[in-house]
Amino acid sequence: MNPVVEVKNLNVTFKGEEGSIFAVNNVSFDLAAGETLALLGESGCGKSVTLKSLMRLHPMHKTQIEGQVLVEGQDVLKMKPKALSAMRGKTVSMVFQEPMLAFDPVFTVGDQIAESVMRHERIGYKEARQRALEMLDRVRIPSAAKRLDAYPHEMSGGMRQRAMIALALACKPRVLLADEPTTALDATVQIQVLLLLKELQRELGMSMIFVTHDVGVAIEVADRTAVMYAGRIIEQGPVQEVLSRPWHPYTQGLLGATVHPGMDRNQALPAIPGAPPQLIRRIDECAFAPRCAQASSRCLSPLPGVNTLAPRWTRCIHADVSQA
Amino acid sequence: MSALLRVQDLKKHFPIGKDLFGRPTQVVHAVESVSFDVEKGRTLGIVGESGCGKSTTARLLMHLIEPDEGRISIRGKEFGNIGGRHPVAQLRRQMQMVFQDSYASLNPRLTIEDSIAFGPQIHGVSETLARQQARDLLDRVGLNPSVFIRRYPHELSGGQRQRVNIARALAIKPEIVILDEAVSALDKSVQAQVLNLLSDLKKEFELTYLFISHDLNVVQYISDDVMVMYLGQVVESGPVAQLYENPAHPYTRALLNSVPAQTPGQSKNYIVLEGDPPNPIAPPKGCRFHPRCQFAKAICAEKEPETVKVSGSHKAACFKLPGSVDHQTYIRLQEVSHEPRG
């Protein structure tokens, strides 16, 4: 079966007055129907930039995008404006970290959901409102009929996040892009929203790309994970395997440095020394080498290519990949 | 052993909105009779969700906002702005705070050295000595003084800035440091570095920490004792191991359970709470947690449960606990069926 999303050699560069930022560097991945991929990484690693490229949400005049982003065989990067806006919200939809910024504050939540349905499915206002009501019900917003006429600021954070999910799923997209949708939520609300997303994904049979910095969240939602560092995917594979037996020293370091239950409180945390590099040039060698205990001189020359279509791979010449 | 820091019945209500006569129309019940002790050299973790009053409690302790009621004493000396109490300036020499936003808490126009040396000079240390100490501290928090003293906050990364904030807090040699979400904004790899630094500094300077965080794993790692807050009240407190392994309050149980498993392959049965934490403007009557509690009965909506002993210093406020005066009444009541709230 053909993958729903195919990203091939994606490069995203932001042009600024003080030079360019090489935010995403040669990123390739596939997404099958019904599958969830977690893009895992720390701030500035390019995970959100990669995600936004799938809908071309970057400021046009400042961004240079190269490569291919195929959604159901169509190249998003080559789409004309009309085709692009027909795709956004219909084939591919997105939920953001901060729902207050994603909603228009001067329209009711019900009308904003209805607008999206009317725009994509060419149906009347009444029917669209009915769909909005169904969607609010579906994301388990209590007294949905009443909430249709609520403005975004009248809802609590958790409810707004549900409403945004309702908006994103109103046209039954094939792919849902989720950019840290639970990071701003409290623990007890985060788990409600995560379980809801998983359930809706199963019901609607859609694929999902989930951007997160939280290892626990990735384990909870994803089938597969791609770990990003300094604008590149450095390791990719089934979430269970990658996060229980990481190959790349960065993945190992990240997991080790993440505080988890059962750690010895009398031992210092195995922190990764230093900080991620600035992306002010294209880094072809291993970007993690300056922080890596296993680094050798070979790590400082351009890294060999990897077969990104393999079920599991890593971009490290020292990785012990035998213990799969 | 007597406590280093003792807090008794701390209370803060914020009036919001004004009617025709300038009287407040609504009141945010931010902190409601919060009491606790912290012993010298221990770390008290304070956890809870947004709006539970954990940060307000920290600010009340520092007198960054004036408490409505309550007593704050260090080594038996009571501090406050009311006559007869020791002045707040003295309190702040013994207790310092590090905030979540490392950038907003540094003056952008001061160099790192100036920022760190500022506090001691206010408290009477000579400029030369204060600057010398600033350099020593920078070195101590892992920043090379010769590289960093002349720098400005915007030239530093988040992790480096938070190190500067820690150095600044330590500059006036406090006994107690309040860390209000001090590592929450940092990436995991940097967070681990700063947590290690905090542990080292604690040993070296014999510090006592109040560690406020929403990250339950980090709190478990760093704290000796934990206090769980919900809508301005302490619902449970006790030694970290007991509280995490054997939570007594239904809210604590749900909160701890809601953390996604960090190990792959361990599927978890989540206790999923309904809805969001309610608004502290109109907190529910009785037990403030009862509208979301699966064990709530009629009495929980009427009466506020008192704090009772679970075992040792482990305490919680819930009628389900055998120690509660109304426990027998609670047992006899029928469970209330839960309908979705509108």
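Predicted, not measured: the structure shown is a model, and the values here were computed from it. Letters A, B, ... are given to chains in the order of the sequence lines, protein chains preceding strands, and every chain is numbered from 1.
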Practice problem: Using non-hydrogen atoms and a 4.5 Å limit, figure out which bit of B/Val218 sits close to chain A: side chain, backbone, both or neither. | Solution: both
Self-check item: More than 12 heavy atoms of other groups within 6.0 Å of B/Glu206 CD
Solution: no
Quiz item: Given a strict heavy-atom distance threshold of 4.5 Å, which part of A/Arg162 is in contact with chain B: side chain, backbone, both, or neither?
Solution: neither
Self-check item: Atom group of B/Val240 that falls short of 4.5 Å from chain A, counting heavy atoms
Solution: side chain
Quiz item: Rounded to the nearest 0.5 Å, what separation is found between the OG atom of B/Ser199 and the CG atom of A/Leu269?
Solution: 7.0 Å
Quiz item: Checking side chain to side chain contact (heavy atoms under 4.5 Å, CB included) for the pair B/His214/A/Asp186: CA distance, chi angles, key distance, verdict?
Solution: CA-CA 8 Å; B/His214 69 280; A/Asp186 281 319; 5.6 Å; no
Self-check item: Closest contact, heavy atoms only, A/Gln192 versus B/Val272
Solution: CG-CG1, 3.5 Å
Quiz item: For the residue pair B/Ser189 and A/Ala257, what are the closest heavy atoms and their distance?
Solution: CA-CB, 4.1 Å
Quiz item: How long is the gap from CG on B/Leu186 to CD on A/Glu42, to the nearest 0.5 Å?
Solution: 10.0 Å
Exercise. Mind checking the CD-CD1 spacing from B/Gln191 to A/Ile272? Nearest 0.5 Å is all I need.
Key: 12.0 Å
Quiz prompt | B/Ser50 versus chain A, the contacting section by heavy-atom distance below 4.5 Å | solution = both
Self-check item: Distance-minimising heavy-atom pair for B/Ala261 and A/Ile219
Solution: O-CD1, 3.9 Å
Exercise. Say whether, by atom type as modelled, one donor and one acceptor occur between the side chain of B/Asp187 and the main chain of A/Ser43 under 3.5 angstrom.
Key: yes
Quiz item: Between CG of A/Leu194 and OG of B/Ser258, what distance do you get to the nearest 0.5 Å?
Solution: 10.0 Å
Quiz prompt | Contacting region of B/Tyr221 [heavy-atom separation from chain A under 4.5 Å] | solution = both
Quiz prompt | Flag, side chain of A/Glu220 to backbone of B/Val259, donor-acceptor distance under 3.5 Å | solution = no
Quiz item: Of the backbone (N, CA, C, O) and the side chain (C-beta and beyond), which part of A/Gln278 lies under 4.5 Å from a heavy atom of chain B, both, or neither?
Solution: neither
Self-check item: Contact origin within A/Ala268 toward chain B - heavy atom pairs under 4.5 Å
Solution: both
Quiz item: Out of curiosity, A/Thr188 OG1 to B/Ile271 CD1, how far, rounded to the nearest 0.5 Å?
Solution: 11.5 Å
Quiz item: chain B heavy atoms under 4.5 Å from A/Leu195: which part of the residue, side chain, backbone, both or neither?
Solution: side chain
Self-check item: Nearest heavy-atom neighbours spanning B/Gln193 and A/Arg291
Solution: NE2-NH2, 4.3 Å
Quiz item: In terms of heavy-atom pairs under 4.5 Å, which option from A/Pro270, A/Pro276, A/Pro261, A/Pro273 contacts chain B the most?
Solution: A/Pro261
Exercise. Kindly compute the distance separating NZ (B/Lys188) from CG (A/Asp214), expressed to the nearest 0.5 Å.
Key: 6.0 Å
Quiz item: If you look at every heavy atom in A/Val189 and B/Glu49, which pair is closest and at what distance?
Solution: N-OE2, 4.2 Å
